[in-house]
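Please read the structure below before turning to the comments.
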Amino acid sequence: MRFVDREAWGAPASSPAAYLPSARGVKIHYLGSPYTSRKHSLCDDYVRAVRADHLANVKENYVDIAYNALVCEHGYVFEGRGIHKQTGANGNQDLNRRDYAICALLGSSGLSTPTDAMLHGLRDAIEWFRAHGDAGTWVGGHRDGYPTSCPGDQLYAWVKRGAPRPDGGKGDDGETAEVKYTVKAGDTLIGIARRLNVDWQELAKVNGVKPPYTMYVGQEIRVPQAAGGRTAPPYPGREAFVLGRRHPAVTELDRQLVRLHFTRHHDGNGYQPGPLFTEYTRRNVADLQRSRPELASDPDGYPGPLTWELAHTLS
């Protein structure tokens with residue numbers, strides 16, 4: 001996959017959009033306005049313009065570019081809000097929580113027919129969200145469940161065929177699509193793994209990185225598929241876990257507490273996953289922390305990055 005991360009096209013490293021633990025699948029969008037073909041060197045200018053337009057939209061009050069990813073005619077996947085982030089593009093809050101949104105840089109006129117490279121890029125993005133963003137196998141168009149003509153008749157016909165690759169299953173280089181990441185100043189192996197939702201040891205293994213796990217700015221590394229053992233989604237921040245407040249990450253945390261059987265504190269009706277961080281949640285998290293030697297010295301019941309990771313990776 002030809003991947004352009006947020007910083008590479010001029011956005012902040014991470015999106016402030018709400019956390020999304022998982023999704024039913026992916027919805028495909030298009031621009032819905034005239035768009036002209038251009039050199040790849042100008043595509044990032046357009047992606048920046050889309051973000052600026054969204055941030056200026058007072059009616060919608062977007063916090064960021066609305067899409068999770070955008071794909072240009074040359075097959076490059078531009079990271080929008082990214083994985084495990086709620087989209088703002090699907091039409092309403094229920095739809096935004098249900099599926100990721102990928103936008104093809106394709107117009108209602110001008111460049112209105114998707115290129116083979118674009119279809120490869122869209123398929124790469126779909127597979128990225130499945131492998132690293134806990135997206136299900138459903139693929140649809142924006143118009144599915146919402147009154148719009150998006151993503152246009154030609155792109156929607158491709159979606160209804162199952163969003164196949166033009167050459168029947170391989171990437172445009174003849175190989176199965178994979179994500180590559182370019183190391184930046186300040187990056188660490190564990191930090192990259194957490195951001196991309198992969199196991200750091202597997203990341204080191206597939207790239208031949210050995211202790212002390214030194215990497216260099218500009219180094220291009222392969223990102224393995226999320227497979228095998230459990231991996232934790234990106235840590236949502238301590239602000240997600242405040243007594244009496246709701247956050248989608250609390251539901252995800254609760255599911256792990258139930259899976260690991262740390263559920264003895266509840267209101268009398270059993271411990272049920274939900275978005276409200278309660279005193280029962282805090283006590284059950286504290287039980288988890290006390291069970292682990294690396295956390296037992298300070299079992300305060302508030303999940304930090306290590307508690308979050310262990311909650312997802314322990315079995």
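Fair warning: this is a prediction, and the values are worked out from it, not measured in the lab. The figures that follow rest on heavy atoms only: side chains count, while hydrogens, waters and symmetry mates do not.
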So, does N57 use its side chain to make a donor-acceptor pair with the main chain of K59 at under 3.5 Å?
yes
Ignoring hydrogens and geometry beyond distance, is a side-chain donor-acceptor pair present between S112 and Q154 at under 3.5 Å?
no
Looking at W138, F129, Y67, which hits ring-ring contact (aromatic ring centres under 6.0 Å, His included) with Y100?
F129
Sidechain N-carboxylate O distance under 4.0 Å for D64, R6
yes
Just say parallel, tilted or perpendicular for the rings of Y213 and W200, cut-offs at 30° and 60°.
perpendicular
Side-chain H-bond candidate by donor/acceptor type, E252 with H312, under 3.5 Å
yes
Give, for atom SG of C72 and atom OH of Y35, the distance between the pair rounded to the nearest 0.5 Å.
7.0 Å
To check you understand the geometry: which heavy-atom pair defines the closest contact between V77 and G121, and what is its length?
CG2-O, 3.4 Å
For N96 and T87, test the side chains for any donor-to-acceptor distance below 3.5 angstrom and give the result as yes or no.
no
Side-chain ion pair, R165 and E127, N-O less than 4.0 Å:
yes
Under 3.5 Å, side chain of H120 to main-chain N/O of G75, donor-acceptor pair present?
no
Q289 (side chain) donor-acceptor with G301 (main chain) under 3.5 angstrom:
yes
State the NE2-SG distance between H29 and C150, to the nearest 0.5 angstrom.
5.5 Å
Heavy-atom donor-acceptor pair, T281 side chain to T278 backbone, under 3.5 Å:
yes
Check for a donor-acceptor pair, side chain of W128 on one end and backbone N or O of M1 on the other, with a separation under 3.5 Å.
no
Using only atom types and a distance under 3.5 Å, with no angle test, would you say the side chain of D53 pairs donor to acceptor with the backbone of A49?
no
Taking only Lys NZ, Arg NE, NH1 and NH2, and the carboxylate oxygens of Asp or Glu, determine whether R98 and D94 approach each other closer than 4.0 Å.
no
Would you say the side-chain atoms of Y235 pair up with the backbone N or O of P303, donor to acceptor, closer than 3.5 Å?
yes
Please check this pair: side chain of H74 against backbone of R38, looking for a donor-acceptor N/O pair closer than 3.5 Å.
yes
Does D187 come within less than 4.0 Å of K184, counting only side-chain N to carboxylate O?
no
Side-chain heavy atoms of T251 within contact of R246, under 4.5 Å:
no
Aromatic Y76 / basic R2 pairing, under 6.0 angstrom, 45° off normal:
yes
The test is side-chain contact (heavy atoms from CB on, under 4.5 Å); show your working for E73 and L106 and say whether it passes.
CA-CA 8 Å; E73 63 193 276; L106 191 71; over 6 Å; no
Stacked cation flag R282 on F277, 6.0 angstrom / 45 deg
no
Distance (rounded to the nearest 0.5 Å) between R24 CZ and D99 CG:
4.0 Å
Which of parallel (below 30°), tilted (30 to 60°) and perpendicular (above 60°) describes H142 and Y146?
parallel
